[in-house]
Asks: 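Attaching a single structure in C-alpha cells format; questions to follow.
Below, read A as the first sequence line, B as the second, and so on, with proteins coming before strands; counting in each chain starts at 1. Any value given below was found using the heavy atoms of this structure, including those in side chains, with hydrogens, waters and symmetry copies removed.
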Amino acid sequence: MINETPRVRFAPSPTGYLHVGGLRTALYNYLFAKKNNGTFVLRIEDTDRNRYVEGAVENLIKALMWAGLNFDEGPETGGNYGPYMQSQRLDIYKKYADELIEKGKAYYCFCTPERLKTLKEEQEKQKLPQAKYDKHCLHLSKKEIENNLNAGIPKVVRLNVEGNNTIKFDDIVREHVEFESNNVDDQVLIKSDNYPTYHLANVVDDHLMKITHVIRGEEWLSSTPKHVLLYDAFGWERPIFAHLPLLLNPDRSKLSKRQGDVAVEDYRDKGFLKDALVNFVALLGWNAGDDKEFYYMDELISRFTLERVNKAGAVFDLQKLNWLNAEHLRKKSIEELLNLLKDEIQKSEFKNQNYSDNYLKLIIEAMKERVSFIKEFIDTCTYFYVTPAEYEQKSIEKNWKPETPEHLNKLKQEFALLNNPTKEDFEHALAKVSEEINVGKGKLIHPLRLAVSGQSTGPGMFDLLFILGKDEVVKRIETAIKNISV
RNA sequence: GGCGCGUUCGUCUAGUGGCUUAGGACACCGCCCUCUCAAGGCGGGGAUCACGGGUUCGAAUCCCGUACGCGCUACCA
C-alpha cells in the first residue's frame, strides 16, 4: 500500500453550497494528490434523505471547479470505482452489512425510537458516565430475529462493539490517538430506511475505491474508532488518517453562517479572486516552514505536506484575505485584469456604455496599486466612466478659494492649446501657468483634481488628465467652474 | 456529564532542548517618498510562549497535573 500512488477523496454531503471549511479540506486533499501524482476523488455522501437539497451536487462541483480543484473521478466525470453517489450504492452497503452480521460483528436491532429514548433518559437519570445502547437486540434468539424480520418490523443494523479493549490508531496530524472501546456506542450502520449511515458507507467506499489517505476535518476524529473497528471487522487494511484542524469564527467557535459568510460562492460573489481564496485557505492550518505567504496553486502543490499541517483551529481572518486579494490582484497582468474588469462592467450601471480596451487598460494601470477588488476599478473612480455629478464637500472647503475659478480658467485655456497632449504635455502646461500667475503647483493641482474627478483622491494628476483626454478635461473644468460655489 | 483534541503578539503563524533579549505576516501607529490616495521603504507598540509542578547545566520546545476552548456524544454528515 505504501508504494502505491495515493488515492484521496473529498466526501461532502450535498448541503447546497460549498463551505469554506470544505474548500480547505478539498484543497488539502487535492494538493496532497497532485504533489504525489495521486488521484483525487469526489464522492457525494447523500445518505440522509431528509437533507436532500435540489441542485446541491451541481453547486458543489461548480464551486470546486471555480476554485481550480478538478477531481479525477466523481459523479458526472465517472471513474473505475463508481457510482460516486452513495445513494446509488445501497445494494453494496447491504451486502457488506450482511457480511458483518454473519461474522457476528453487527446485528439487527428492532428497538423502537421510544424505547431508545427512555433508555437514554434513564441512563441520564442514573448519571451514567456515557449513554450507550444496551445491546438489547444482540441477545435476541435466531427465531425471534427471523420472526421480526418476517413480520416486517422496522429494523436497523448495529455495530457490535466489544468492550474492554483499547482502540488505537495513528494520524498524521494528531500522531497517536487511543479510545477505550467501552466508550464506543453500538453505532447504527444501516438505518431503518435501508440507507447506510456515514460510518458504514465511508468505510466501505473508501475500501472499495482504494482510498489510501483519509484527509478530513477534526469533527470526525471522535468517530474514527468506529471506522477502525469496521476495517478490522472486515479484515481490511486501514487507510492513513489525517484529521485537519477546524476553521473558526472570530470568537473561536466552529466557523458558522451566523457570524459571516461561509459559502465559497459568497466570497466569489463578493469579488474575491479564486487565487486569493485558495492561497488564504491553504495557509489556515498549514505553512511550509518559512515566511512565504504568497502562493499560486502550483507552488502550493509542490510545497505541501501533511506533516506540516497544524493541530490547532484557525480563525478565518477577513482582513488578511482582503490583503491577499489585493496582492494577487496586483500580480495579475493588464490583459487578465482587463477581462475581469469587462466582466465587472457588465454587472455595473455602465454596462451599456462602450469603453475601448485601451481606455480600460489605462484605468487599470492607474488604479492597480490603489484597489483590492476588481469592482473598485469602477466604484472608487467612477469619474473615469462618467462626468462627476457631485463634488466632494470637504475638498471644496479645503481647496476651492475665491480665486480658484480664475486659476482653472487659465489652466483650461492652456490645455486647450495642446495638440493631442501626452501626460508630460499636461504637466508642462500646468507648470507654465503656475509660473505665469505665480501660484504653487499644489495650489493648482488640488482644485484641478476636484474639478476633473469630483474627488480629492486618485491617481497622479497628470495620469488622470491624460487618461481623460484634453477635450474631456476642458469640458469638466468648465462644468466645475459653473457648478462649484463656496 | 463522558470521551477526544487543542492552547506562541488582536489574528494567521515560525520555532522540534542551547543560534531566541521568542522571528515573520495581516491589522494598528509614526516617519520617509509625494500633487492627493494608494503602493513602496524605514521604524514603533503588541506574546511573562494558558497556568502550576517536575526532568535537565539549560525548556516555548520533554513529562505530569490544572484551567480554558473546541469537537463528538443521532436511524446527520
Asks: Using a 4.0 Å heavy-atom cut-off across all strands, classify A:Lys120 as base, sugar-phosphate, or nothing.
Replies: sugar-phosphate

Asks: Pick the C1' atom in B:U8 and in B:C51, then give their distance to the nearest Å.
Replies: 14 Å

Asks: With a non-hydrogen cut-off below 4.0 angstrom, is A:Val177 in contact with a base, only sugar-phosphate, or nothing?
Replies: sugar-phosphate

Asks: Counting any heavy atom closer than 4.0 Å, what does A:Lys311 reach on the DNA or RNA strands: base, sugar-phosphate only, or nothing?
Replies: sugar-phosphate

Asks: Looking at every strand, decide which applies to A:Pro459 at a 4.0 Å heavy-atom threshold: base, sugar-phosphate, or nothing.
Replies: base

Asks: How would you label the contact of A:Gly285 with the nucleic acid (heavy atoms, under 4.0 Å): base, sugar-phosphate, or nothing?
Replies: sugar-phosphate

Asks: Give a yes or no on whether a donor-acceptor pair under 3.5 Å exists between the nucleobase atoms of B:C70, that is its base, and the side chain of A:Arg252.
Replies: no

Asks: Would you mind classifying the nucleic acid contact of A:Asn310 as base, sugar-phosphate or nothing, using non-hydrogen atoms under 4.0 angstrom?
Replies: sugar-phosphate

Asks: Give A:Val315 one of three labels, base, sugar-phosphate or nothing, depending on what nucleic acid heavy atoms sit under 4.0 Å from its own.
Replies: sugar-phosphate

Asks: Give A:Gly442 one of three labels, base, sugar-phosphate or nothing, depending on what nucleic acid heavy atoms sit under 4.0 Å from its own.
Replies: nothing

Asks: Applying the Watson-Crick and G-U wobble criteria at under 3.5 Å, what pairs with B:A22? Answer none if nothing qualifies.
Replies: none

Asks: From the set B:U36, B:A25, B:U11, return the single nucleotide nearest to any side-chain atom of A:Glu293.
Replies: B:A25

Asks: Using the P atom on both, measure B:G15 against B:G2 and round to a whole Å.
Replies: 35 Å

Asks: Side chain of A:Gln319 only, heavy atoms from C-beta on: which candidate in B:A27, B:A25, B:G2 is closest?
Replies: B:A27

Asks: Hey, is the side chain of A:Lys320 pairing donor to acceptor with the base of B:A25 inside 3.5 Å?
Replies: yes

Asks: When you measure from the side-chain N and O atoms of A:Thr47 to the phosphate of B:A77, is any distance below 4.0 Å, counting only OP1 and OP2?
Replies: yes

Asks: Under 4.0 angstrom, heavy atoms only, what part of the nucleic acid is A:Glu178 near: base, sugar-phosphate, or nothing?
Replies: sugar-phosphate

Asks: Between A:Trp323 and A:Asp48, name the one whose nearest nucleotide on RNA chain B is closer to the 5' end.
Replies: A:Trp323

Asks: B:C3 and B:A50: how far apart are their C1' atoms, nearest whole angstrom?
Replies: 22 Å

Asks: From B:C75, B:C26, B:U13, pick the nucleotide closest to the side chain of A:Ala314?
Replies: B:U13

Asks: Whether A:Arg308 contacts B:G15 is assessed here as follows: a side-chain N or O lying under 4.0 Å from the phosphate OP1 or OP2. Is that the case?
Replies: yes

Asks: Mind checking the C1' distance from B:G30 to B:G46? Whole angstroms is fine.
Replies: 15 Å

Asks: As a test of reading the structure: which of B:C35, B:A38, B:U11 is closest to the side chain of A:His446, going by heavy atoms?
Replies: B:C35

Asks: Testing A:Trp286, A:Phe10, A:Phe304 for ring pair (Phe, Tyr, Trp, His ring centres under 6.0 Å) with A:Tyr28, which one passes?
Replies: A:Phe304

Asks: Among B:A39, B:A77, B:U11, find the nucleotide with the atom closest to the side chain of A:Glu369.
Replies: B:A39

Asks: Classify the side chain of A:Arg174 and the base of B:C5 as holding, or not holding, a donor-acceptor pair under 3.5 Å.
Replies: no

Asks: Classify the ring geometry of A:Tyr198 against A:Trp220: parallel below 30°, tilted from 30° to 60°, perpendicular beyond 60°.
Replies: parallel

Asks: Among A:Tyr267, A:Trp323, A:Phe272, exactly one meets ring pair (Phe, Tyr, Trp, His ring centres under 6.0 Å) together with A:Phe373. Which residue is that?
Replies: A:Phe272

Asks: Side chain of A:Glu219, heavy atoms from C-beta onward: which of B:C72, B:C75, B:U36 has the nearest atom to it?
Replies: B:C72

Asks: Drop me the distance from A:Ile190's CD1 to A:His199's NE2, to the nearest 0.5 angstrom.
Replies: 12.5 Å

Asks: Taking the C1' atom in each of B:G24 and B:G69, what is the distance between them to the nearest angstrom?
Replies: 26 Å

Asks: Tell me whether the side-chain N/O atoms of A:Lys254 come closer than 4.0 Å to OP1 or OP2 in B:C72.
Replies: yes

Asks: Between B:C75, B:C3, B:C12, which one does the side chain of A:Leu284 approach most closely?
Replies: B:C12

Asks: Using a 4.0 Å heavy-atom cut-off across all strands, classify A:Pro196 as base, sugar-phosphate, or nothing.
Replies: sugar-phosphate

Asks: Counting only side-chain N and O atoms of A:Lys191, is one of them less than 4.0 Å from OP1 or OP2 of B:A77?
Replies: yes

Asks: Quick one: look up who B:C75 pairs with, Watson-Crick or G-U, both distances under 3.5 Å, and put none if it's unpaired.
Replies: none

Asks: Measure up the A:Phe241 and A:Tyr231 rings against each other and bin them: parallel (under 30°), tilted (30 to 60°), perpendicular (over 60°).
Replies: perpendicular

Asks: Would you mind classifying the nucleic acid contact of A:Cys111 as base, sugar-phosphate or nothing, using non-hydrogen atoms under 4.0 angstrom?
Replies: base

Asks: Could you tell me how the ring of A:Phe294 sits relative to the ring of A:Tyr296: parallel (under 30°), tilted (30 to 60°) or perpendicular (over 60°)?
Replies: perpendicular

Asks: Can you tell whether the side chains of A:Glu376 and A:Arg370 come within less than 4.0 Å, N to carboxylate O?
Replies: no

Asks: Report the residue (A:Lys441 or A:Glu218) whose heavy-atom-nearest nucleotide on RNA chain B is the more 5′ of the two.
Replies: A:Glu218

Asks: What's A:Thr457 touching, base or sugar-phosphate or nothing? Going by heavy atoms closer than 4.0 Å.
Replies: base

Asks: Using the P atoms only, state how far B:C57 lies from B:C72, rounded to an integer number of Å.
Replies: 45 Å

Asks: Return the nearest nucleotide to the side chain of A:Met461; candidates are B:C35, B:U7, B:G23.
Replies: B:C35

Asks: Check every strand shown and say whether A:Lys368 touches a base, only sugar-phosphate, or nothing at a heavy-atom separation below 4.0 Å.
Replies: nothing

Asks: If we call it a pair only when both distances are under 3.5 Å in a Watson-Crick or G-U wobble match, what pairs with B:C9?
Replies: none

Asks: Measuring only the C1' atom in each nucleotide, how far is B:U66 from B:C28? A whole number of Å is fine.
Replies: 35 Å

Asks: Salt bridge check: are A:Asp290 and A:Arg303 linked by an N-O gap of less than 4.0 Å?
Replies: yes

Asks: What distance separates A:Asn182 CG from A:Asp185 CG, expressed to the nearest 0.5 Å?
Replies: 12.0 Å

Asks: Across the strands shown, which category fits A:Phe179 at heavy-atom distances under 4.0 angstrom: base, sugar-phosphate, nothing?
Replies: sugar-phosphate

Asks: Check the phosphate of B:A14 against A:Asn287, side-chain N and O only, distance under 4.0 Å to OP1 or OP2. Yes or no?
Replies: yes

